[in-house]
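Below: one structure, written as structure tokens.
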Amino acid sequence: MYSDVFSLTRILLLFTLLLGAATAARAEDGYDLWLRYPPLEKDIRDQYRPQLQRLVIPKSEQSPTLKAIERELVRGVGGLLERRPVIEERISDDGFVLVATPQSSRDVRAQNFPLKSLGEEGYLIRATTIRGHKGTVVTANSERGLLYGSFHLLRLLQTRSALEGVNIETRPQIGLRVLNHWDNLDRSVERGYAGQSIWDWWNLPDILDRRYIDYARANAAIGVNGTVLNNVNASADSLTPRYLAKAAALADVFRPYGIRVYLSARFSAPVEIGGLDTADPKSPAVQRWWNEKAEEIYRYIPDFGGFLVKANSEGQPGPQDYGRNHAEGANLLARALKPHGGVVMWRAFVYQQDNPEDRAKQAYSDFVPLDGQFDDNVIVQVKNGPIDFQPREPFHPMFGAMPKTPLMMEFQITKEYLGFASHLAYLGPMYEEVLRADTFAAGPGSTVAKVIDGSLHGHRLTGIAGVANIGSDRDWSGSTFNQANWYVFGRMAWDPRLGAEEVARDWLKITFSDNPVLLETGLDMMLASRQAVVDYMTPLGLAHLMATGHHYGPGPWVSDLARPEWNPAYYHRADKYGIGFDRTREGSNAVAQYASAVAARFASRNDVGDDLLLWFHHLPWDHPMPSGRDLWQELVHRYDRGVAAAQALQNQWQSLEPLIDPERFDKTARLLAVQAREAKWWRDASIAYFQSVSKRELPRGSAKPEHSLAYYQQLQFPWAPGH
Ligand code: GCW
């Protein structure tokens with residue numbers, strides 16, 4: 001079966017290659033992501049051409065990865081330089097690119113490159129002279145390393161970086177770099193705003209869409225090495241033989257690209273598809289069921305990565321249904337996977353119905369006491385902030401607080417709370433803000449990045465997940481700029497110390513061009529965009545003010561839902577006197593979940609900073625702000641500032657029209673118009689509401705909301721996507 005699928009894949013690849021030739025002539029519809037290889041500017045092409053004339057990739061017949069590398073380099077170099085490199089067996093002249101491990105090439109062996117520290121996935125790209133010939137070597141300890149190195153080489157060309165004297169050594173700082181698809185078996189995508197699921201579950205495994213290969217290429221190019229195919233709100237059917245065969249077909253396509261497949265496992269699967277009457281982790285029958293299930297899965301997918309589990313969260317089943325804790329639940333699955341080398345990614349996104357404790361505190365309360373009780377192939381997956389992917393949250397207090405347990409980061413790439421696919425919000429600055437946040441867990445410098453790359457507490461199992469923004473839309477992510485969020489996730493997963501700006505610059509060059517005006521304006525737009533969204537939706541540390549359920553648009557007035565923490569009013573606590581959630585000792589004392597230096601800063605009105613002020617403090621409307629305004633005026637000011645920023649994005653983009661192809665220009669322009677309109681809607685509705693509570697006059701110069709509060713309150717969006 002194995003080799004069959006491989007030959008199928010091969011046919012598919014050939015097909016892709018043929019189609020690829022046609023793509024070049026096609027309009028710029030965004031399909032190519034960062035795998036765009038249109039001809040570079042002539043002077044740059046002329047510089048590169050002599051350096052990239054021949055490709056030397058010693059390979060064995062069986063290696064699909066090396067074939068993928070060769071195809072990509074031929075396509076990439078051929079496209080960018082408008083000249084196909086010749087394929088050679090051995091270095092014969094100057095201008096070679098040698099892609100080989102020390103095992104596959106005597107020339108590489110002879111150079112004695114320092115590969116030890118590069119691990120299984122790192123690589124080295126170096127300008128060198130071999131037997132008198134000048135060229136470039138891409139080398140690594142494994143073919144996967146060569147794959148990543150080859151994509152990096154292409155990136156050097158795409159960003160017009162010099163090859164002369166090039167000397168790059170890099171390895172990923174985080175082991176598991178995975179996308180989480182919240183994709184359902186009916187092809188709907190929870191919180192998906194870019195069409196349907198790209199997984200055509202119904203027609204798998206017989207029909208293999210060519211998108212699967214392009215998906216794998218795009219991910220390999222940024223170093224993503226795993227994908228969880230199905231929604232964490234999982235159907236147990238994903239674990240039935242019928243669906244395992246489908247997942248296996250995808251795993252076969254992804255394997256040459258270094259991408260492993262994982263599945264979300266429903267905790268109650270032994271009952272639902274196993275015919276048992278319990279899913280209790282202490283039941284021997286349940287344990288046996290999971291052990292056998294794991295064996296079965298590995299028969300389909302020999303390199304299966306493992307399970308992602310959402311348990312006892314928002315109605316999902318879990319160990320607590322049987323009086324067991326999260327560690328007991330996670331270990332049940334971990335023990336089934338252990339003999340096969342799989343891991344369990346156990347989510348910490350939990351909050352309980354009827355638990356009166358501040359929602360921001362509940363995950364910590366549930367998990368931190370379990371530190372040290374998880375098996376060694378369990379990694380706990382923690383969202384970046386303690387509530388839920390809000391435009392801005394403080395870092396999650398669990399980071400740094402469980403030294404004996406590997407913790408992985410969960411970012412959301414899809415913009416559930418940041419304007420869906422239509423708003424431009426480059427998430428690089430948000431990821432950077434979280435990764436660089438100092439937990440002080442082991443003194444100053446204990447950044448979140450160091451927690452998740454394992455260096456702070458000496459963990460070898462490390463990971464980072466991004467909830468994908470990928471769908472069946474032609475441009476994959478619903479807009480060109482949304483692609484940048486997938487891109488920056490991958491780049492920062494490889495190196496969490498990278499800056500958002502640096503990645504944005506690369507992305508702009510690859511996606512559009514290296515025109516200096518375009519770069520400057522594009523960077524400005526991208527770097528300002530997330531703060532703009534914060535300002536017009538949830539300024540000053542406010543959170544969760546979105547409308548109910550679908551989370552589209554403002555709903556700060558909502559206060560009548562069954563569970564308190566579903567209500568925006570629970571989060572902002574605005575009344576006649578003031579606004580904000582008191583999380584100091586006088587309030588919920590959530591600050592105490594942070595290391596003392598951080599707790600002291602968050603607990604201080606003066607030191608916490610404007611960005612998180614109302615997250616941690618309930619303050620009177622006339623509280624004086626550093627700007628000289630009072631809190632009410634500052635709030636209105638932030639909303640105004642957000643609207644102005646959204647308008648600025650629109651104007652800046654207009655100025656780029658001559659520099660951008662019509663198709664991508666036009667779609668982006670239309671989306672930016674939507675954003676500007678919706679920013680104003682957010683601002684007007686929020687101010688109308690907060691004014692009805694605060695009874696304060698609008699500051700001078702600040703426009704009255706366009707409509708009455710009642711108008712905004714009656715708007716309904718029953719068909720909003722992703723819900
Ligand atoms: O952000 C919330 C979403 C839910 C999601 C949940 C989670 C998959 O609104 O749609 O469910 O978080 O992360 O589990």
Side-chain angles (χ1 to χ4, degrees), residues 178-194 197 227-236 238 262-267 307-318 320 326 329-330 345-353 359-360 362-363 366-367 380-393 396 398 407-421 425 427 430 434 464-471 485 489 533 537-538 543-553 555 558 561 563 565-568 570-571 717 720-723:
V178 301
L179 290 179
N180 289 183
H181 289 266
W182 287 355
D183 294 18
N184 300 312
L185 299 181
D186 63 1
R187 279 192 99 161
S188 62
V189 180
E190 183 154 349
R191 312 309 175 182
Y193 312 103
S197 170
T227 177
V228 185
L229 299 175
N230 59 324
N231 192 352
V232 289
N233 291 329
S235 159
S238 291
Y262 299 74
L263 290 171
S264 293
R266 186 164 164 89
F267 198 78
F307 293 135
L308 171 64
V309 187
K310 172 175 178 178
N312 293 121
S313 165
E314 301 186 326
Q316 294 299 311
Q320 293 175 344
H326 282 287
M345 301 178 288
W346 190 268
R347 294 176 90 227
F349 176 70
V350 296
Y351 58 99
Q352 285 299 329
Q353 188 142 17
R359 175 172 163 189
Q362 294 185 29
D366 259 16
F367 277 83
V380 174
Q381 181 167 313
V382 186
K383 288 189 182 181
N384 58 274
I387 300 277
D388 189 10
F389 298 139
Q390 294 302 296
R392 176 172 275 122
E393 296 192 29
H396 201 299
M398 281 174 66
L407 300 185
M408 68 189 279
M409 172 66 74
E410 180 175 321
F411 281 133
Q412 197 179 41
I413 306 173
T414 188
K415 303 202 307 300
E416 171 180 359
Y417 294 101
L418 289 96
F420 292 7
L427 299 179
M430 180 166 107
V434 176
I464 181 166
V467 180
N469 65 351
I470 298 164
N485 292 331
F489 167 76
V533 175
M537 287 189 186
T538 52
H544 225 300
L545 306 184
M546 294 75 190
T548 305
H550 49 65
H551 300 148
Y552 171 68
V558 176
L561 302 175
R563 289 172 60 161
E565 76 286 347
W566 283 349
N567 293 291
Y570 168 94
Y571 297 94
F717 305 94
H723 184 35

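All ligand and atom numbering here is 1-based and tracks the order in the structure.
Nearest non-hydrogen protein atom to atom 6 (C) of ligand 1 is Glu314 OE1, 3.3 Å. The protein heavy-atom contact nearest to atom 2 (C) of ligand 1 is Asp388 OD2, 3.0 Å. Of the protein's heavy atoms, Asn233 ND2, 3.3 Å lies nearest to atom 8 (C) of ligand 1. Of the protein's non-hydrogen atoms, Glu416 OE2, 3.2 Å is the one closest to atom 3 (C) of ligand 1.
Close approach of ligand 1 to Tyr417 is summarised as follows: ligand atoms under 4.0 Å from at least one heavy atom of the residue are 1 (O), 9 (O). Near His551, meaning under 4.0 Å from one of its heavy atoms, ligand 1 places the atoms 9 (O). Listed by atom number, the atoms of ligand 1 under 4.0 Å from Lys310 heavy atoms are 6 (C), 7 (C), 8 (C), 11 (O), 14 (O). Close contacts between ligand 1 and Glu190 involve ligand atoms 4 (C), 5 (C), 8 (C), 10 (O), 11 (O) [criterion: under 4.0 Å to a heavy atom]. Annotation for ligand 1: atoms under 4.0 Å from non-hydrogen atoms of Phe349 are 6 (C), 7 (C), 12 (O), 13 (O), 14 (O). Per-residue contacts place Val232 under 4.0 angstrom from the following atoms of ligand 1 (heavy atoms of the residue considered): 8 (C).
A salt bridge does not link Glu565 to Arg359: none of the charged side-chain nitrogens sits closer than 4.0 Å to a carboxylate oxygen.
Annotation: Phe307 is not in aromatic contact with Tyr262 [ring centroid separation under 6.0 Å not met].
For ligand 1, the polar-atom distance check finds an N/O of Arg191 within less than 3.5 Å of one of the ligand's N/O atoms.
Closest of all the heavy-atom pairs between Pro391 and Met430 is O-SD, 3.5 Å.
Side chains of His544 and Thr538 form no contact here, defined as non-hydrogen atoms less than 4.5 Å apart.
In this structure, Gln316 does not count as a contact residue of ligand 1, since none of its heavy atoms falls inside 4.0 Å of the ligand. Note on ligand 1: Lys383 sits in its first shell, one or more heavy atoms being nearer than 4.0 Å.
Put simply, OH on Tyr417 and CZ on Phe389 are 9.0 Å apart, with the number rounded to the nearest 0.5 Å. Note that OH of Tyr571 and CD of Gln390 are 8.0 Å apart. Values are rounded to the nearest 0.5 Å.
In terms of the side chain to side chain contact (heavy atoms under 4.5 Å, CB included) criterion, residue partners of Glu190 (sequence neighbours excluded) are, by chain and number, Trp182, Asn231, Asn233. In this view, Val189 and Asp183, Ser197 satisfy the side chain to side chain contact (heavy atoms under 4.5 Å, CB included) rule, not counting sequence neighbours.
Judged by the 6.0 Å distance and 45° axis criteria, Lys383 is positioned over the aromatic ring of Phe349.
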